[in-house]
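Structure record follows, encoded as structure tokens.
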There are 2 protein chains.
Amino acid sequence: MVTKQFRGSLDEADLRRADSLGREIFSDIANKWALLIIEALGESTLRFSELRDEVEGVSHKMLTQNLRMLERNGLVERTVHPVVPPRVEYTLTEPGQALRVTIDGLCDWTHRYLGHIETSRHRFSV
Amino acid sequence: MVTKQFRGSLDEADLRRADSLGREIFSDIANKWALLIIEALGESTLRFSELRDEVEGVSHKMLTQNLRMLERNGLVERTVHPVVPPRVEYTLTEPGQALRVTIDGLCDWTHRYLGHIETSRHRFSV
DNA sequence: CGGTATCCTATGCGATACTG
DNA sequence: CAGTATCGCATAGGATACCG
């Protein structure tokens, strides 16, 4: 979404359009599976089954559903090799790569503050 | 969660514990409302009602629910002023501030690639 | 192997009402 | 003003089965 830092750089109509679109994108992406899939893809190209193994706990359904969404938003590219059995590969586009960098930041954050959070939870339940 | 970049820096038992906790945190945080609330708090201290106005579209219920979760994880601090009517203020802790920085990155990303995504969606629906 | 469709449960989330 | 509790609908998401 368009946060306060950007208001003023756009006219009213653009602002409204960007706001609702941005909100939509934000909802698409602020979702556990999408983030984990992007993180799993990283620099490499992976097949559907490899992704399913890599993103632990994801179901067949959620994987397809999120991959379609990411493809629609132009974050991953899907390549079908016309062979039997079918071979389908997924790779991050440039926007996808850029997003991955910020997700890496999220992972670093989680790692760094794991201890803080653990003790905070303990204190909270008292 | 503990991603590949960190494996090897921990022993087996720690790894499992960190993995499940990390996954939990990730699920807590990779959620639209949590991210928007943290972003709204920013540098400032806000009252419950101010937050509800700031985070557009959030319901009373979702706001309380997410604030409790963030408090439990030690990302926001809740201060109750014993006056009538009650005055409750929320502010980001240091871990919360650190997280906000990475969320800012997410917002920047959304802003930067809004155009890419819009055209990609259009192409996809053909 | 990768994808779609179906069914069913759990959860998200809004609306409303009640308390200190 | 801030919070809790309850109800009820809508969506998320697992399990399973079937198709190219």
Side-chain angles (χ1 to χ4, degrees), chain A residues 1 20 23-38 40-41 44-73 75-92 124-125, chain B residues 1 20 23-38 40-41 44-73 75-92 124-125:
Chain A
M1 92 266 54
S20 77
R23 190 54 90 92
E24 235 182 286
I25 314 255
F26 206 75
S27 302
D28 274 358
I29 282 162
N31 130 25
K32 181 181 166 183
W33 295 128
L35 295 180
L36 290 175
I37 290 169
I38 291 172
L41 273 174
S44 50
T45 294
L46 292 177
R47 302 182 57 171
F48 183 87
S49 44
E50 292 170 333
L51 263 173
R52 201 186 41 218
D53 295 343
E54 204 68 27
V55 180
E56 98 154 45
V58 74
S59 69
H60 190 111
K61 183 182 177 180
M62 282 302 101
L63 187 54
T64 352
Q65 204 168 99
N66 278 277
L67 282 172
R68 287 300 155 271
M69 178 273 285
L70 293 172
E71 194 190 351
R72 178 171 111 91
N73 288 325
L75 305 193
V76 306
E77 189 173 39
R78 178 170 177 269
T79 317
V80 182
H81 296 84
V83 296
V84 276
R87 179 184 186 88
V88 183
E89 295 184 327
Y90 293 92
T91 184
L92 290 180
F124 194 78
S125 60
Chain B
M1 90 269 52
S20 79
R23 189 55 89 91
E24 235 182 285
I25 314 253
F26 206 75
S27 302
D28 274 357
I29 284 162
N31 132 22
K32 180 182 168 182
W33 295 126
L35 295 180
L36 290 174
I37 289 169
I38 292 172
L41 273 173
S44 49
T45 293
L46 294 178
R47 302 183 55 172
F48 184 87
S49 45
E50 292 170 332
L51 263 174
R52 202 186 41 218
D53 295 343
E54 203 67 28
V55 180
E56 99 154 44
V58 75
S59 70
H60 190 111
K61 183 183 177 179
M62 281 302 101
L63 187 54
T64 347
Q65 204 168 98
N66 278 277
L67 282 171
R68 286 300 156 272
M69 179 273 287
L70 293 172
E71 194 190 353
R72 177 170 111 91
N73 288 324
L75 304 192
V76 306
E77 190 172 39
R78 178 171 176 268
T79 317
V80 183
H81 297 84
V83 296
V84 277
R87 179 183 187 87
V88 183
E89 295 184 327
Y90 293 92
T91 182
L92 290 180
F124 193 78
S125 60

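Residue numbering restarts at 1 for every chain, and letters A, B, ... go by the order of the sequence lines. All figures in this text were calculated on a predicted structure; none of them were measured in a lab.
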**Asked** Less than 4.5 Å apart, any side-chain heavy atom of V58(A) and any of N66(A)?
**Response** no
Extract all donor-acceptor atom pairs below 3.5 Å that involve side chains of residues 80-90 of chain B and protein atoms in other chains or at least two apart in sequence.
residue: H81(B); atom: ND1; partner: R87(B); partner atom: O; Å: 3.3
residue: R87(B); atom: NE; partner: E89(B); partner atom: OE2; Å: 3.3
residue: R87(B); atom: NH2; partner: E89(B); partner atom: OE2; Å: 3.4
residue: Y90(B); atom: OH; partner: R78(B); partner atom: NE; Å: 3.3

**Message:** I'd like to check W33(B) versus M69(B) (side-chain heavy atoms, cut-off strictly below 4.5 Å). Are they in contact?
**Reply:** no
**Message:** What contact category does R52(B) fall into here, base, sugar-phosphate, or nothing, at under 4.0 angstrom with non-hydrogen atoms?
**Reply:** nothing
**Prompt:** What do the steps show when you test I29(A) against L75(A) for side-chain contact (heavy atoms from CB on, under 4.5 Å), and what is the final call?
**Reply:** CA-CA 10 Å; I29(A) 282 162; L75(A) 305 193; 4.0 Å; yes
**Prompt:** Passes side-chain contact (heavy atoms from CB on, under 4.5 Å), V76(A) versus T91(A)? Steps please.
**Reply:** CA-CA 5 Å; V76(A) 306; T91(A) 184; over 6 Å; no
**Item:** Heavy-atom protein contacts under 4.0 Å, nucleotides 12-18 of chain D, coded B base, S sugar-phosphate only, - none
**Value:** -BBB---
**Message:** Does any part of the side chain of R23(B), heavy atoms only, come nearer than 4.5 Å to the side chain of L36(A), both counted from C-beta?
**Reply:** yes
**Item:** Pairs satisfying salt bridge (Lys or Arg N to Asp or Glu O under 4.0 Å), at least one member in residues 56-65 of chain A, at least two apart
**Value:** none
**Message:** When you measure from the side-chain N and O atoms of S49(B) to the phosphate of dA2(D), is any distance below 4.0 Å, counting only OP1 and OP2?
**Reply:** yes
**Request:** Assess whether side-chain contact (heavy atoms from CB on, under 4.5 Å) is satisfied between K32(B) and I37(B), documenting all intermediate values.
**Result:** CA-CA 9 Å; K32(B) 180 182 168 182; I37(B) 289 169; over 6 Å; no
**Request:** Have a look at R78(B) and say if it touches a base, only the backbone sugar-phosphate, or nothing, with a 4.0 Å heavy-atom cut-off.
**Result:** sugar-phosphate
**Prompt:** In residues 82-91 of chain A, which residues come under 4.0 Å of DNA chain C by heavy atom?
**Reply:** P85(A), P86(A), V88(A), Y90(A)
**Message:** Pair R52(A), S49(A) - check side-chain contact (heavy atoms from CB on, under 4.5 Å), show working.
**Reply:** CA-CA 5 Å; R52(A) 201 186 41 218; S49(A) 44; 3.9 Å; yes
**Message:** Can you tell whether the side chains of E71(A) and R68(A) come within less than 4.0 Å, N to carboxylate O?
**Reply:** yes
**Complete:** With a 4.0 Å cut-off (strictly under) to non-hydrogen atoms of chain A, the first and last hit nts on DNA chain C, 5' to 3', are dC1(C) to dC7(C)
**Asked** Tell me: CZ of R47(B) to P of dG3(D), nearest whole Å?
**Response** 10 Å
**Base-pair map of DNA chain C as dot-bracket, where | denotes pairing with a different strand and pairs are Watson-Crick or G-U under 3.5 Å** = .|||||||||||||||||||
**Complete:** Nearest heavy-atom approach of L63(A) to F48(A) is CD2-O, 3.7 Å
**Request:** Keeping the roles fixed (side chain from E54(B), backbone from L51(B)), state whether a donor-acceptor pair exists under 3.5 Å.
**Result:** no
**Prompt:** Side-chain contact, heavy-atom cut-off 4.5 Å: F124(A) with N73(B)?
**Reply:** no
